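Each chain gets a letter, A, B and so on, in the order the sequences are listed, and its residues count up from 1. None of these values were measured; they are calculated from a predicted model.
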Protein chains: 2
Amino acid sequence: MIKPVAPDSEFTIRELAQEFDVTPRTLRFYEQKGMITPSRRGAARIYSAADRARIELILRGKRVGFALDEIKEILDLEAIDRGGRERLEPAIERFTARIQVLEQQREDVERAIAELQAGLAWMRERLEDRTPSDDVRRRARAFEALAQARLDPWSGAPSAG
Amino acid sequence: MIKPVAPDSEFTIRELAQEFDVTPRTLRFYEQKGMITPSRRGAARIYSAADRARIELILRGKRVGFALDEIKEILDLEAIDRGGRERLEPAIERFTARIQVLEQQREDVERAIAELQAGLAWMRERLEDRTPSDDVRRRARAFEALAQARLDPWSGAPSAG
DNA sequence: TTTGACGTTGACGTTCGCGTAAGTTTGTGA
DNA sequence: TCACAAACTTACGCGAACGTCAACGTCAAA
């Protein structure tokens with residue numbers, strides 16, 4: 001799944017920053033946190049294909065809501081592995097827990113997509129200056145419920161009557 | 001999709017805080033940002049079923065990485081709607097863009113799940129003190145590549161040779 | 001009436017993920 | 001050799017999303 005580049009490729013900080021749409025500062029920051037360890041040519045950083053793969057994973061992790069420290073833990077898998085069996089078990093538990101969080105999140109993402117699409121349909125119908133169709137209304141019911149939370153206090157429905 | 005509670009239900013700040021596993025401070029903060037407007041009994045906040053639904057959406061939005069201001073925009077859909085056609089079109093574009101981000105994210109989440117599961121399988125085999133099977137190795141290839149990024153600098157592979 | 005749980009409003013503190021100078025060093029072409 | 005861009009280190013700053021007091025009000029039970 002990692003983009004195919006020659007395994008002996010080398011990259012400058014600027015190249016990778018541009019490719020992944022981050023600033024050089026960001027990559028130095030990740031290095032400072034111990035998440036990547038590019039080699040040096042003099043003082044200048046040289047990134048390998050493996051460094052590049054790590055950066056990909058870091059950014060992917062970020063997009064799904066992991067904190068950098070959590071991503072670091074994932075990246076340090078083999079460090080855990082080499083650290084003896086006592087560290088393996090708690091790590092396994094944390095990984096398992098994270099997977100559950102991610103599965104919850106997958107559901108959240110799909111709901112969010114559905115909700116935004118419902119809102120979108122609603123807005124598009126408004127744009128065409130017609131009152132929303134029954135079909136759109138049905139799919140946008142969540143939004144209507146939410147809208148009421150905003151409208152009711154002003155339109156006066158105090159004691160549930 | 002919103003949890004079924006009687007539409008005339010009322011909640012205290014602590015009830016909802018407990019239910020959603022946030023602190024009361026958090027709910028007051030959302031209110032201060034104009035995302036929820038619970039009514040008052042004296043000075044105390046009373047949350048309606050609709051308020052509760054909004055809180056659900058806020059937290060769901062957070063879990064998928066939306067900033068509070070973005071969530072507020074979603075919650076203010078009908079405000080946008082009532083604000084005239086000029087505000088509708090840019091809003092539609094932002095919504096569309098967000099949906100694309102979410103779809104990207106759905107892919108990221110599934111990759112992350114797969115990677116964590118691969119890592120998990122790897123660790124479990126280590127636990128049983130056998131060398132990972134070929135099958136696990138195949139699925140964990142991404143991890144191996146990442147591991148090399150850490151190991152190579154120490155094991156000495158300086159000029160790509 | 002006092003206790004104690006629960007609630008309120010400020011206001012300042014904290015963590016995360018970088019941004020942004022400021023000043024220095026390094027490498028490359030004219 | 002000079003100039004200039006690009007990279008480097010150091011360090012302070014910032015916005016988001018709350019946490020954490022402090023100081024006070026309120027209401028039911030003892």
note: A:Q32, atom CD; D:dT10, atom P; distance rounded to Å ~ 9 Å

Value in whole Å for how far the C1' atom of C:dT26 lies from CZ of A:R41
13 Å

A:R28 CZ to C:dC18 C1', in whole Å, measures 13 Å

Check this for me, if you would: do A:R106 and A:E110 make a salt bridge, where the nitrogen-to-carboxylate-oxygen distance has to be below 4.0 angstrom?
no

For the side chain of B:R25, starting at C-beta, report the closest nucleotide among C:dA11, C:dG19, D:dA16.
C:dA11

Other residues, nucleotides and ligands only: do more than 12 of their heavy atoms fall within 6.0 Å of CD on A:E89?
no

Out of D:dC18, C:dC18, C:dT8, whichever nucleotide has its closest atom nearest the side chain of B:I13:
C:dT8

Rounded to the Å, how far apart are A:E70 CD and C:dG17 P?
9 Å

If you draw the axis of the six-membered ring of B:F11, does the NZ or CZ of B:R52 fall within 45° of it and under 6.0 Å from the ring centre?
yes

Side-chain atoms of B:T26 come closest, of D:dA17, D:dG19, C:dC18, to D:dG19

Strictly below 4.0 Å: does A:Y30 bring a side-chain N or O up to OP1 or OP2 of C:dC18?
yes

To the nearest angstrom, how far is A:L16 atom CG from D:dA7 atom P?
11 Å

Using a heavy-atom cut-off of 4.0 Å across all strands, would you classify B:R40 as base, sugar-phosphate, or nothing?
sugar-phosphate

More 5' along DNA chain C: A:T23 or A:A43, using each one's nearest nucleotide?
A:T23

Step-by-step side-chain contact (heavy atoms from CB on, under 4.5 Å) determination, A:F20 to A:L27:
CA-CA 10 Å; A:F20 293 118; A:L27 298 183; 5.9 Å; no

d(NZ, B:K72; C1', D:dA17) in whole Å:
16 Å

Distance check: side-chain N/O of B:K62 vs OP1/OP2 of D:dA16, anything under 4.0 Å?
no

Using a cut-off of less than 4.0 Å, is there contact between a side-chain N or O of A:R45 and OP1 or OP2 of C:dT26?
no

Atom pair distance, as rounded to whole Å: CD1 in A:I36 and P in C:dC18:
12 Å

Could you check how far CZ of B:F29 sits from C1' of D:dG19, rounded to whole Å?
11 Å

Do A:F29 and A:M35 have side-chain heavy atoms sitting under 4.5 Å apart?
no

